[in-house]
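The analysis underlying the following values was restricted to heavy atoms, covering all of them including side chains, and did not include hydrogens, waters or symmetry mates. Numbered from 1 within each chain, the chains take letters A, B, ... in sequence-line order.
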Number of protein chains: 2
Amino acid sequence: MDSKIFNLKSKLEVYKAMTGGGNFGDCPVRDVIQGISGKWSSLLVMALAEKPYRFGELRRLVPDISQRMLTQTLYDLQRDGYVHREVFPTKPPSVEYSLTDLGRSMFAPLQLLIQWAELNHDAVREARAAFDAAQA
Amino acid sequence: MDSKIFNLKSKLEVYKAMTGGGNFGDCPVRDVIQGISGKWSSLLVMALAEKPYRFGELRRLVPDISQRMLTQTLYDLQRDGYVHREVFPTKPPSVEYSLTDLGRSMFAPLQLLIQWAELNHDAVREARAAFDAAQA
DNA sequence: TAGCGCTGGTCTCTTTTTGAGACCATAACC
DNA sequence: GGTTATGGTCTCAAAAAGAGACCAGCGCTA
């Protein structure tokens, strides 16, 4: 009932006003963040932010993803309203995925995080190396 | 082989294997993003951005996290250079976790994503409901 | 002095998620 | 008739996450 996560949220009202009433499953941050923090979500959103892609194109674009996870991640992104899925009646039928307005809206802040990642990749790699060296 | 955190080492081994194999090197974004896109990472970084916390405080603050995952997530965040871990020789010894400069730097864009999540939580929930209704 | 709790973890066991890869129906093309 | 391409699904193994017992050391206190 009185989740401490809500307390955390309260303490973080430095950034926003406190919202009343909340319970266990109602940690908005985690609810939303978890939907886009999957292993492949950000990568796929990043790709679709560039332009719409078809299933096979995405598969070739992100070769490390398994077909199964590509299907599932796109399904989840579609369910959360970030991605639009359209089937074209060609033969064989092709399926195009594109960002919705909500998806584009979400990509704006996500892109900043991605830019940070690109800029600071070396720093993170160095931190890892230093940490592993210290542990050995 | 690191005897410490015996049960938690597999992720580390994967990291090492992939770093050695060069797979992650091909995608800096995924390399970094994956480190902060874990289920609990953003929540813990968010908490530590407010002020340093001790292990037990974090556990009480985020009661849904298991002690095991709290240990591991903090370990991973420390390894990537976002979090500093300091042991104080009190009795019993207490451990304080705080953000590093790199962590604070990363939190800046992360915070924007969190703010987006708070603002658009309702839109995402509605999208989910609509999708589920359409599927039924 | 024998229990009890607090500290920050670790260990084992179970469940959920992810990964690897085979399989499928369709139809055009060779 | 076999090959290619489409966008998937299905199964099984491996990895990650969750639940909860356990641990050592010290202070308290009964």
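Between the CZ atom of B/R59 and the P atom of D/dG18 there is a distance of 16 Å, rounded to whole Å. Distance CG (B/L58) to C1' (C/dC6): 17 Å, rounded to an integer number of Å. If you take CZ of B/F55 and C1' of C/dC6, they are 13 Å apart, rounded to a whole angstrom. Taking atom OH on B/Y75 and atom C1' on D/dA17, their separation rounds to 18 Å, with Å as the unit.
For C/dG9, the OP1/OP2 oxygens have a side-chain nitrogen or oxygen of B/Y97 closer than 4.0 Å.
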List the atom pairs, with distances to 0.1 Å, where a side-chain N or O of residues 49-59 of chain A and a protein N or O form a donor-acceptor pair under 3.5 Å, not counting sequence neighbours.
from, atom 1, to, atom 2, distance (Å)
A/E50, OE1, A/Y53, OH, 3.0
A/E57, OE1, A/R54, N, 2.7

Do any side-chain atoms of residues 106-116 of chain A form donor-acceptor pairs under 3.5 angstrom with protein atoms, and if so which ones, sequence neighbours left out?
from, atom 1, to, atom 2, distance (Å)
A/W116, NE1, A/N120, OD1, 3.1
A/W116, NE1, B/S105, O, 3.3
A/W116, NE1, B/S105, OG, 2.6

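Listed by chain and residue number, nothing satisfies the side chain to side chain donor-acceptor pair (under 3.5 Å) test with A/R68 (two or more places apart in sequence, or in another chain).
Pairs of residues two or more places apart, or lying in two chains, that qualify as ring pair (Phe, Tyr, Trp, His ring centres under 6.0 Å) and include a residue from residues 69-105 of chain A are A/Y75-B/F131. Counting only residues at least two apart or in different chains, salt bridge (charged side-chain N to carboxylate O under 4.0 Å, His left out) contacts with residues 104-113 of chain A comprise A/D101-A/R104.
Contacts of B/F88 with the nucleic acid, taken as non-hydrogen atoms under 4.0 Å apart, are absent.
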* To do: Determine, for nucleotides 18-28 of chain C in 5'-to-3' order, which nucleotides have protein heavy atoms under 4.0 Å from the base (write B), from only the sugar-phosphate (write S), or from neither (write -).
  => BBB------S-
